[in-house]
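Only one structure is covered here, and it is reproduced in the block below.
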Amino acid sequence: MMDSLTFTRGDLATASGILTATASRLAERGEPLWPVPSLTPERLTRHYPPESWRVAWRGGEAVGTFALVDRDPLFWPEDPPGEARYLHKLGVHPDAQGQGLAHMLLAEAVRETRGAGCAFLRLDTAATRPKLRALYEGAGFRAVDEREVKGFHVVRYELPLR
């Protein structure tokens with residue numbers, strides 16, 4: 001059985017490191033997801049407040065990260081305040097992949113979102129990412145629609161929590 005994870009908030013430098021390692025590994029495999037230069041702490045702070053970052057730790061190792069925000073006007077502009085939390089930049093460090101950690105990260109995001117009294121956990125992902133889409137669908141998310149956002153073709157997903 002896998003050890004449990006502990007989560008810290010606001011550790012932007014560690015989150016950036018995990019995302020950079022993840023993006024680099026994906027690019028090496030010919031599956032680029034995020035441009036590495038967009039993952040510096042300074043660039044991430046432009047879009048996500050430092051307190052939105054969660055870092056998952058197993059023992060002394062940082063193994064995963066995500067940002068959880070209370071509004072997403074770019075991808076979900078029509079949403080009323082307080083209805084949902086929005087998950088961004090879910091990443092598992094390459095050295096820890098293949099151990100079910102993505103599901104554990106999603107479970108933490110669900111726990112926090114439910115604790116905030118929100119009806120939905122929402123996210124978006126590139127329409128051309130079958131592995132990510134399968135991950136989210138396997139975790140119970142349902143596709144809401146597909147749309148173009150700033151030149152990216154995305155699928156918007158939501159998980160009802162009530």
Side-chain angles (χ1 to χ4, degrees), residues 5-23 26 32-57 62-93 96 101-129 131-162:
L5 300 177
T6 56
F7 288 85
T8 56
R9 294 181 181 212
D11 188 348
L12 186 54
T14 301
S16 170
I18 293 167
L19 293 173
T20 298
T22 302
L26 286 167
L33 181 58
W34 305 303
V36 170
S38 73
L39 301 174
T40 64
E42 297 75 23
R43 294 279 300 275
L44 290 170
T45 300
R46 292 182 197 171
H47 302 286
Y48 312 101
E51 64 274 11
S52 70
W53 289 98
R54 309 295 185 265
V55 173
W57 299 83
V63 294
T65 191
F66 60 88
L68 193 63
V69 294
D70 60 5
R71 46 189 294 276
D72 187 352
L74 182 60
F75 290 96
W76 298 87
E78 73 281 4
D79 281 8
E83 180 178 80
R85 290 288 184 269
Y86 304 89
L87 182 73
H88 288 278
K89 296 285 192 279
L90 178 79
V92 174
H93 194 282
L101 291 173
H103 284 284
M104 295 175 78
L105 296 175
L106 287 171
E108 175 64 13
V110 165
R111 187 192 68 72
E112 280 195 45
T113 301
R114 191 174 271 134
C118 297
F120 299 96
L121 177 59
R122 292 186 171 134
L123 59 87
D124 64 272
T125 193
T128 56
R129 307 296 296 206
K131 290 178 187 172
L132 278 174
R133 294 182 68 176
L135 168 72
Y136 297 132
E137 290 166 12
F141 284 82
R142 62 183 183 212
V144 173
D145 60 18
E146 294 189 26
R147 58 177 52 194
E148 294 289 325
V149 179
K150 289 201 168 190
F152 295 100
H153 186 72
V154 300
V155 181
R156 300 191 313 165
Y157 282 97
E158 69 180 12
L159 180 68
L161 299 178
R162 295 184 187 150

So do the side chains of [X] and [Y] get within less than 4.5 Å of each other, counting heavy atoms only?
| X | Y | answer |
| --- | --- | --- |
| Leu106 | Leu87 | yes |
| Leu123 | Phe66 | no |
| Leu5 | Leu101 | yes |
| Leu121 | Leu68 | yes |
| Arg122 | Arg156 | no |

Step by step, work out the side chain to side chain contact (heavy atoms under 4.5 Å, CB included) result for Val144 and Trp76. CA-CA 11 Å; Val144 173; Trp76 298 87; 4.0 Å; yes
What's the separation between atom [atom1] in [X] and atom [atom2] in [Y], rounded to the nearest 0.5 Å?
| X | Y | atom1 | atom2 | value |
| --- | --- | --- | --- | --- |
| Glu42 | Leu12 | CD | CG | 8.0 Å |
| Leu19 | His93 | CG | NE2 | 10.5 Å |
| Asp70 | Asp79 | CG | CG | 11.5 Å |
| Arg111 | Leu161 | CZ | CG | 12.5 Å |
| Thr40 | Arg46 | OG1 | CZ | 7.0 Å |
| Leu33 | Leu26 | CG | CG | 6.0 Å |

side-chain hydrogen bond (donor to acceptor under 3.5 Å, both in side chains) against Asp124, all qualifying residues, sequence neighbours excluded: none
Is the backbone of [Y] close enough, under 3.5 Å, to the side chain of [X] for a donor and an acceptor to pair up by distance?
| X | Y | answer |
| --- | --- | --- |
| Thr22 | Val92 | yes |
| Arg133 | Ala127 | yes |
| Thr45 | Pro41 | yes |
| Thr65 | Arg54 | yes |

Shortest non-hydrogen contact between [X] and [Y], atoms and distance:
| X | Y | value |
| --- | --- | --- |
| Val55 | Ala15 | CG2-N, 3.9 Å |
| Cys118 | Gly82 | SG-O, 3.6 Å |
| Ser38 | Arg43 | O-CB, 3.5 Å |
| Gly64 | Leu105 | CA-CD1, 4.0 Å |
| Thr14 | Ala62 | CG2-CB, 3.5 Å |
| Phe120 | Pro160 | CD2-CA, 3.7 Å |

Pair up each side-chain donor or acceptor in residues 135-143 with any protein partner under 3.5 Å, not counting sequence neighbours, and list the distances.
{"residue": "Glu137", "atom": "OE2", "partner": "Tyr157", "partner atom": "OH", "Å": "2.5"}
{"residue": "Arg142", "atom": "NE", "partner": "Glu158", "partner atom": "OE2", "Å": "3.2"}
{"residue": "Arg142", "atom": "NH2", "partner": "Glu158", "partner atom": "OE2", "Å": "2.7"}

Option from Arg147, His88, Lys150 for which side chain to side chain contact (heavy atoms under 4.5 Å, CB included) with Phe75 holds: His88
